[in-house]
Amino acid sequence: MSTPTHSPISNSRRGVIHTWSRTLIPTTKDAPGDAESPSHRLLARAGYIRRLTAGVYDYLPLATRVLRKISDIIREEMDSAGGSELLMPILIPMELFAETGRAEAYGPLLFQMDDRHGRRTALGPTQEEVVTELMRGTVSSYKSLPTTLYQIHTKFRDEFRPRAGLLRCREFIMKDAYSFHMNVEGKGGLNDAYDAMYKGYVNIFTRCGLDFSVVEAESGPIGGSASHEFMVNCESGEDTILKCPVSGYAANAEKCEIGERGAPSKGYFGGEASGALEEVHTPGCPGIEDVCKFMKVKASNMLKTVVFQSEDGASWVVAVVRGDHDVNEGKVRDAAGFKVKLADAAQARAKGFEIGFVSPRAAAGKAGVRLLVDKDAAVSFDDAKGKPMFWVTGADKKDHHLKHFNWGRDAAEAVPVATVTDVRNAMAGDPSPRAKGAALVAQRGIEVGHIFKLGTKYSDAMGFAIMDETQQRKSVIMGCYGIGVSRTMAACVEMSHDDDGIRWPLPIAPYHVIITPMKVEPESRAMQAACELSGALAAAGFDVLIDDRDERPGVKFKDADLIGIPIRLTLGDKSLAEDSVEFKLRSAPAGTGGFVKIAEVVRKCLEAAR
RNA sequence: CGGGGUGUAGCGCAGUUUGGUAGCGCGUCUCGUUCGGGACGAGAAGGUCGUAGGUUCAAAUCCUAUCACCCCGACCA
């Protein structure tokens, strides 16, 4: 499929002309005291958003224009990826969630209320149940599939702690899409739709002018690389992603694989002890940090032992990583072969695990307990230093730790039952899983899109199965694909701003051009020129804002920079005397505008818009 | 949910320790002077001090309760 060139400017669409004094753009010098992140501060100061209550915002006219531009790009790409737009209710009866068990999965994150009849109702956090309910009532033949449906709508999540303005809200705008298939592979299968969505997402964020990364995320139920996150690259982002500079591999820190780490010279667990085993009294030090401080050892010399349980509590998994590493629950789950949760402290004690002071030895000799040891923890000889590894670990009794722990000598019963594998989070500097010799680098990002292969999770739970061409009844296979629209707007500001204000990429700027006449009397030369120019620009497809306020120039310039319109045309006596206007890009430093003949302005703007 | 903090004019804040008739800056309105990077002067409007009780001759200030909001952490398709 050939991708048409998407110029943000098109003369098939007439632009709008708005005047500042007739719209609502309440800029302020001071941001609300509670606004800390740049996007929150600037969107508030520039008159885009106002908070109504925790995590709930008004989108004022400027914000609404940006949201619409993002939404329009999304619509075009969704439509060309084969999606059909629809609108589903926000009010969802709780019975639907009971079918899938998502009420429990969501927990208090799900907004709930009772209507006047006492019917329990939820405010939709996403609409998997609703769309599945819709489809199961309307589609009964394989001939109707595949289908992809999407909507752009308000979503609700009762976040414990909404924060950072639009980045984590309780009420937000999201594009959610759902695809339905009879098969995973082949024509019309889930993989095709997923790939089309992947490409569509790349197009969307590219067209929005965002600097973004696509990363592998926690796998869906089908396995493989069944989930991708789209992250705006930005230092202030909440999420850490790891990238291989050679292969281009990128993944969420929670998901990231670690490449070949090189076997220790004396083999796993092999090597002599660093000294005689010694028990140390460590009062009030259950955490790694406390012990390190108390015993004056580095975290990288600690063995961290974390106890997990299966969901039903019957099976146990003990994971051991180096003290400066973090256990990765997903990797533990994959290695164990069943879903795990952090062990209940009381149950763990009853099983003989002295939580806070557990050593790897505790995993031996207990029924139904598996021992997983991370590769970096399963060594007894320190190849880097060329001497025995000095380990400190728990002593399996309260307030005590062990010095000079040695796997072969002190955990002889545990070693034979241990599985050496990768059970920790990847970190910057770890070997890349896709390119030999390359090291992973860390980067921060803001998640703005996430695509999933759902499989039959919802269709199974809700009994959505239809006849295929071989007259077999089969559960419908689904994919789901989300974009945080309001979050994308905020993420863009996080990514693109300076001390003076927002710097919108042209495709999603609320207006492309701001005209700043120095005199605003209707009969003034400046206003006359502003009217003529705005007409010509609008005819060429530009959205134009005329700052017709009777303010001093400094105020207008500051506000223009603050709200971030990409092109500014300043109409003053000096330039008008030469039949010119001053042309300045928001991205250029202050005071660097140049004169452009009025007759040339449209051409110049078109040039800048490319 | 753990820890910390804040509610006083549209916005930003002082005043609370030591109770005594509610203040500053920005913004708004009027008049005048200004007019290319957040001007100046004069005047004006605007607050049941989050809410409810209590103590007191007197409460923004002290006591009790309650509500709201924010930050850090945990959690998070």
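Protein chains get the first letters and strands the later ones, always in sequence-line order, with residue 1 at the start of each. As a basis for the values below, the full set of heavy atoms in this structure was taken, side chains included, without hydrogen atoms, waters or symmetry mates.
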Undergrad: Measure the shortest side-chain to side-chain distance between A:F97 and A:L110 over non-hydrogen atoms and say whether it is less than 4.5 angstrom.
TA: yes
Undergrad: Please determine, for the side chain of A:K29, which listed nucleotide (B:G36, B:C76, B:G27) has the closest atom?
TA: B:G27
Undergrad: Could you tell me whether A:F230 and A:H450 have their ring centroids closer than 6.0 angstrom?
TA: no
Undergrad: Which value, in whole Å, describes the distance between the C1' atoms of nucleotides B:G47 and B:A9?
TA: 5 Å
Undergrad: For the side chain of A:Y201 and the backbone of A:G482, is there at least one donor-acceptor N/O pair under 3.5 Å apart?
TA: yes
Undergrad: Paired with B:G19 by Watson-Crick or G-U wobble geometry, both distances under 3.5 Å: which nucleotide is it?
TA: none
Undergrad: Can you find a side-chain donor-acceptor pair between A:E494 and A:H497 that sits under 3.5 Å?
TA: no
Undergrad: If B:A60 has a Watson-Crick or G-U wobble mate with both distances under 3.5 Å, name it; if not, just say none.
TA: none
Undergrad: A:K155 NZ to B:C76 C1': how many Å, rounded?
TA: 17 Å
Undergrad: Applying a 4.0 Å non-hydrogen cut-off, can you work out what A:P589 is touching in the nucleic acid: base, sugar-phosphate, or nothing?
TA: nothing
Undergrad: Rounded to whole angstrom, note down the C1' distance from B:G43 over to B:G38.
TA: 23 Å
Undergrad: Side chain of A:M518 only, heavy atoms from C-beta on: which candidate in B:G38, B:G36, B:C76 is closest?
TA: B:G36
Undergrad: With side chain to side chain donor-acceptor pair (under 3.5 Å) as the criterion, how do A:Y150 and A:S84 come out once you've worked through the C-alpha distance, each side chain's angles and the decisive distance to 0.1 Å?
TA: CA-CA 6 Å; A:Y150 75 95; A:S84 304; over 6 Å; no
Undergrad: In whole angstrom, give the distance that lies between atom CG of A:D559 and atom C1' of B:G27.
TA: 12 Å
Undergrad: Contact class for A:G482 (heavy atom, under 4.0 Å): base, sugar-phosphate, or nothing?
TA: nothing
Undergrad: Could you check whether the side chain of A:R161 and the base of B:C75 have a donor-acceptor pair of N or O atoms closer than 3.5 Å, going by distance alone?
TA: no
Undergrad: Rounding to the closest angstrom, what is the interatomic distance between B:U56 and B:G73 at atom P?
TA: 47 Å
Undergrad: What's the CZ-C1' distance between A:R549 and B:A39, to the nearest Å?
TA: 16 Å
Undergrad: If you assign A:K558 and A:R487 each to the RNA chain B nucleotide with the nearest heavy atom, which residue ends up on the more 5' nucleotide?
TA: A:K558
Undergrad: Please classify the nucleic acid contact of A:F172 as base, sugar-phosphate, or nothing, using heavy-atom distances under 4.0 Å.
TA: base
Undergrad: Within the 4.0 Å heavy-atom criterion, would you say A:D176 contacts the bases, only the backbone, or no part of the nucleic acid?
TA: nothing
Undergrad: Can you establish whether the number of heavy atoms outside A:R50 located under 6.0 Å from its atom CZ is more than 12?
TA: no
Undergrad: Please report the distance separating the C1' of B:C62 from the corresponding atom of B:A58, rounded so that it comes out in whole Å.
TA: 13 Å
Undergrad: Take atom CD of A:E551 and atom C1' of B:C26, then tell me their distance rounded to the nearest Å.
TA: 13 Å
Undergrad: Where along nucleotides 5-15 of chain B does protein come under 4.0 Å, by heavy atom, of base (B) or sugar-phosphate alone (S), with - for untouched nucleotides?
TA: -----SSSS--
Undergrad: Grab the CZ-C1' distance between A:F557 and B:C35 for me, whole Å please.
TA: 11 Å
Undergrad: Starting at the 5' end of RNA chain B and moving along, which residue's nearest nucleotide shows up first, A:G165 or A:E238?
TA: A:G165
Undergrad: Specify the separation, in whole Å, of atom CZ of A:R552 and atom P of B:U33.
TA: 14 Å
Undergrad: Considering Watson-Crick and G-U wobble pairs with both distances under 3.5 Å, what does B:C1 pair with?
TA: B:G73
Undergrad: Checking base pairs now: Watson-Crick or wobble, both atom distances under 3.5 Å. What partners B:G43?
TA: B:C29
Undergrad: Could you tell me whether the phosphate oxygens of B:C69, OP1 or OP2, come under 4.0 Å of any side-chain nitrogen or oxygen in A:T53?
TA: yes
Undergrad: Rounded to the Å, how far apart are A:L576 CG and B:G36 P?
TA: 14 Å
Undergrad: How far does the C1' atom of B:A45 sit from the matching atom of B:G3, given to the nearest Å?
TA: 44 Å
Undergrad: With rounding to the closest Å, how many angstrom separate the C1' atoms on B:C49 and B:G15?
TA: 11 Å
Undergrad: Side chains of A:V493 and A:P38: closer than 4.5 Å at any heavy-atom pair?
TA: no
Undergrad: Without hydrogens or angle criteria, can the side chains of A:D547 and A:T516 be said to hold a donor-acceptor pair below 3.5 Å?
TA: no
Undergrad: Tell me which nucleotide among B:A74, B:G38, B:G37 gets nearest to the side chain of A:V555.
TA: B:G38
Undergrad: Who does B:C24 pair with, Watson-Crick or G-U, both distances under 3.5 Å?
TA: B:G12
Undergrad: With a non-hydrogen cut-off below 4.0 angstrom, is A:R102 in contact with a base, only sugar-phosphate, or nothing?
TA: nothing
Undergrad: Check step by step if salt bridge (Lys or Arg N to Asp or Glu O under 4.0 Å) holds for A:D498 and A:R586.
TA: CA-CA 10 Å; A:D498 59 24; A:R586 175 65 180 84; 2.8 Å; yes
Undergrad: Say you pick atom C1' in B:A42 and the same atom in B:U48; how far apart are they, in whole Å?
TA: 32 Å
Undergrad: Find the distance A:R41:CZ to B:C70:P and express it as a whole number of Å.
TA: 16 Å
Undergrad: Check step by step if salt bridge (Lys or Arg N to Asp or Glu O under 4.0 Å) holds for A:D550 and A:K519.
TA: CA-CA 7 Å; A:D550 187 13; A:K519 292 199 173 71; over 6 Å; no
Undergrad: Would you mind telling me which of B:G38, B:G36, B:G37 lies closest to the side-chain atoms of A:L562?
TA: B:G38
Undergrad: Does A:R51 reach a base, just sugar-phosphate, or nothing at all? Heavy atoms under 4.0 Å.
TA: sugar-phosphate
Undergrad: Taking the P atom in each of B:U8 and B:U61, what is the distance between them to the nearest angstrom?
TA: 14 Å
